[in-house]
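Quick notes on the structure that follows.
Order of the sequence lines sets the chain letters (A, B, ...), proteins ahead of strands, with each chain counted from 1. The model shown is predicted, which means the values in this text are computed figures rather than measured ones.
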Amino acid sequence: MARRYDASEIEPRWQRAWAAEGLFRAVDDPADARPRFYALDMFPYPSGDLHMGHAEAFSGGDAVARYQAMRGHNVLHPIGWDAFGLPAENAAIKRGVEPEEWTYANIEQQAASFDRMGMSFDWSRRLNTCDPDYYRWTQWLFLRLFDKGLAYRKESPVNWCPTDATVLANEQVIQGACERCGTMVERRELTQWFFKITDYAQRLLDDAESLVDWPERVLTMQRNWIGRSEGAEVTFTIAETGEEITVFTTRPDTLWGATFFVFAAEHPAVRRLAELAGTWDRVEPLVRTAAQTSLVDREAADTREGVFLGVHAVNPVNGEQIPCYAAPYVLMGYGTGAIMAVPAHDQRDFEFARQHGVAVRVVIQPEGETLDGDTMTEAYAGEGVIVHSGPFDGRSTPDSIDEVIAWLEAEKRGRGAINFRLRDWLISRQRYWGAPIPIVHCPACGEVAVPDDQLPVVLPDDVDFTPGGDSPLAHHPSWKHVTCPSCGGEAVRDTDTMDTFVDSSWYFFRYCSPGYEDGPFRSEDVNRWMPVGQYTGGVEHAILHLLYSRFVTKVLFDLGMVSFTEPFPRLMNQGQVIFDGAAMSKSKGNIVEPMPLVERWGADTMRLTMLFAGPFEDDIDWKLIAGAPDKRPGVHAWLGRVFAAVGDAIARGDVAEPEALVRLTHRTIRGVTEDMDRFRFNTAISKLMVLTNEMRGGLDTGAGAFGAARALVAMLAPLAPFAAEELWRTDLGEAASVHRASWPTFDPALTVEERVTLVVQVNGKVRDKVSVAADVSEEDVIAAARASAGAQRALEGREPVKVIARPPKLVNFVVED
RNA sequence: GCCGGGAUGGCGGAACUGGCAGACGCGCGGGACUCAAAAUCCCGUGAGCUUCGGCUCGUGCGGGUUCGACCCCCGCUCCCGGCACCA
């Protein structure tokens, strides 16, 4: 009687057993001699139940954790929830549910689903970022940045929805409109808290070089986001007032080609200069429009509009006076907010010059060509020979850039400079459901840190969520009124909360010291477990979360709290689960949920479906890989065959196995091990399927397969943990879990084939295949090839002019025709 | 526009370092079992031609290097992702 596979009976039973045994607890005893492995999955946001993306990501992450445990590691595989954030507040506004209630209900549902899936989490380390025990330390982290001058307040433009009367995050502005009410977003200047991540720009860039195990695209995105540019700062003088204005340029070699000068519309000097020159009437509308245009619209605009200010700038390299304009195409947030414009060699400046009738002066020409500024149709940004540039005439560029910078420094007209596109991290949110910023504003003392021993600053639970323009905390009748920790006078709390990316920038440290009450974590715990052995999650966090986490790690390193500067040396991004080429969405009505699949066919089938569909980092199109919901998935049928084959093998007992099966088993162990090390779950599963098929072939002839069965079950464990455990403990009779068994090993001698297929080619075309001994000599292999029927037929009696022999795999006869 | 990644049967995908293209699975066709169906098992399955021995073509397109190219080089096309006035 063949062993039957019944997931619905097996899975809940082992799920309970694992929990009762505490099987997945990480061992914190320093005396434990096993090497440690921190398997980290990006923690979920609790909006509803788990979705397909979670199912895919955690299937991979859990396979890694289980595999590493079987490889002899003491594995830390924690879970938690990124539980602060706007959706909870929106649920409160829309449906009248308390954010806290909504959040915790979703967390419980997701936790139950994870359990049902059999995720090997160490539940004892579970955390939620919205728990006061957690956000106490988020606030503590803020204060350490505040102490170091890395957290500061300044006025900054933000997205403002006039209907909801509230500030929106960039992600909440959809094509210039509020995502909730559709009103066009405006721009407002508000005083906001920032983290000074720009101080770490160079280190974030330099250390990225060490992240060789990150996906290339993620590293590229980070580098582009940081955006380092080398160039020079050059100081121009306003002819009419004598005031000095510095610009940044990456092309100091084109300084002699500057024919006008442009200020960002918001530049503080614009109004003063325009009023002085009597042009404010004409300039003012432009400035006002720029100030009101949302940041999103502003970046999407591509006009070359601008207004002459009526003043002139003196070019320090040649004393020339050039007209000054204000134009929105120059950004206040980058460089100095003012530029020298070189229309001949910058396309944007060129378009502006043509539209406003400004001269175009060529100072760089391609070798052997002459460009004419009056007739050229686009800027020339290439290499070439320098002309009309005083001491640099006749030199070539870009080689001369460094010499121009040296000359500027010697002449005291400018200096070499580096600029980054990276901006400081705006962390203020005028929102309720976040960690309150632990600052008290005192009329006498200014910004005062809440003392560490008064943390956490707890969120009140009786607030009005109706959008009102600033944080709901500001409207609470009593919460914000406190005494100043410094002078004892009357003061008010800061009523903003922190960006949820602050919460998620340090959660992986907290997992190392769960429940620790004297700090966010114990350094010795963190330094034992970290850096993370493998970080798994979605590519949507390629920039923000990963950049912020790297930044916070470097700050903690500088504080002497951790001994490393990069938290995640190995990163893997799973692909998205899509449907019919598009993201699953409610409006499309094409959402497929993982839990019904788990209930119908079992968690193991859900995992195998995800992992077998293709490379882990590729997208999965559910429409293409899944049949009808009630149609039995192929991987489920395979598990059925595994049960039957293992059952039969056990019934026959540990008797002699065909040598071919023994060799295949060893080759399979080698191959699957390599695949697991490289996240190649799809090919690992395929190799296990081949082994299953071969076992069944042997069993048909009455031979044994016990060793193959044991290896198969062990290798199945990270991929289909319930089925493997059932076979291991119930059928094979092992007392201890397969998930704490040793990963099978192979004998290299047995992975080598005894006989191999020799490919016989004539002129590179396959003409025959012959079985030969693996250690065949060159002469013998050529003789065997030549004797083959296919070679005889194709050679037609001709003598090869050349014979290429690669024993034992290939012989190629080259003949002339 | 710039940057990154792709394109292989009807479908998802394999192919180590340049050496059997299409592993494994889905789907489909045929068969066994069955009163029947489901389940299960077996056989076949890139295209065309075939005297059934084989032959020709075939990894987005066009060239090249090589005894030999899905793989390397040059030139394109299309698709996906990211950034997008960053001076």
(request) Assess whether one donor atom and one acceptor atom, taken from the side chain of A/Gln761 and the base of B/G19, lie less than 3.5 Å apart. (result)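 Yes.
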[atom1] gap between [N] and [M], integer Å:
{"N": "B/G13", "M": "B/C26", "atom1": "P", "answer": "16 Å"}
{"N": "B/C83", "M": "B/U65", "atom1": "P", "answer": "43 Å"}
{"N": "B/C28", "M": "B/U77", "atom1": "P", "answer": "40 Å"}
{"N": "B/U8", "M": "B/G58", "atom1": "C1'", "answer": "10 Å"}
{"N": "B/G30", "M": "B/A37", "atom1": "P", "answer": "13 Å"}
{"N": "B/G46", "M": "B/G10", "atom1": "C1'", "answer": "10 Å"}
{"N": "B/C73", "M": "B/A7", "atom1": "P", "answer": "15 Å"}
{"N": "B/C11", "M": "B/G48", "atom1": "P", "answer": "15 Å"}

(request) Answer whether the closest heavy-atom distance between the side chains of A/Trp225 and A/Leu544 falls below 4.5 Å. (result)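 With C-beta onward as the side chain, the pair touches.
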Under a 3.5 Å limit for both distances, which nucleotide forms a Watson-Crick or G-U wobble pair with [N], could you say?
{"N": "B/G62", "result": "B/C74"}
{"N": "B/C57", "result": "B/G46"}
{"N": "B/A38", "result": "none"}

(message) Nearest 0.5 angstrom please: A/Glu216 CD to A/Thr220 OG1, how far?
(response)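 The distance works out to 4.5 Å.
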Nearest-neighbour nucleotide for the [X] side chain, [options] considered:
{"X": "A/Arg793", "options": "B/G4, B/A87, B/G54", "answer": "B/G54"}
{"X": "A/Arg641", "options": "B/C3, B/G13, B/C41", "answer": "B/C41"}
{"X": "A/Arg632", "options": "B/C41, B/A39, B/C3", "answer": "B/A39"}
{"X": "A/Lys631", "options": "B/A87, B/C83, B/A39", "answer": "B/A39"}

(message) What I want to check is whether the side chains of A/Arg228 and A/Gln202 have a donor and an acceptor closer together than 3.5 Å.
(response)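 Yes, A/Gln202 and A/Arg228 have a side-chain donor paired with an acceptor closer than 3.5 Å.
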(request) Check whether the side chains of A/Glu351 and A/Gln347 place a donor and an acceptor atom closer than 3.5 Å, and report yes or no. (result)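 There is such a pair between these side chains.
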(request) Compare side-chain N and O positions of A/Asn682 against OP1 and OP2 of B/A14 and report whether any pair is under 4.0 Å apart. (result)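 Yes, such a contact exists.
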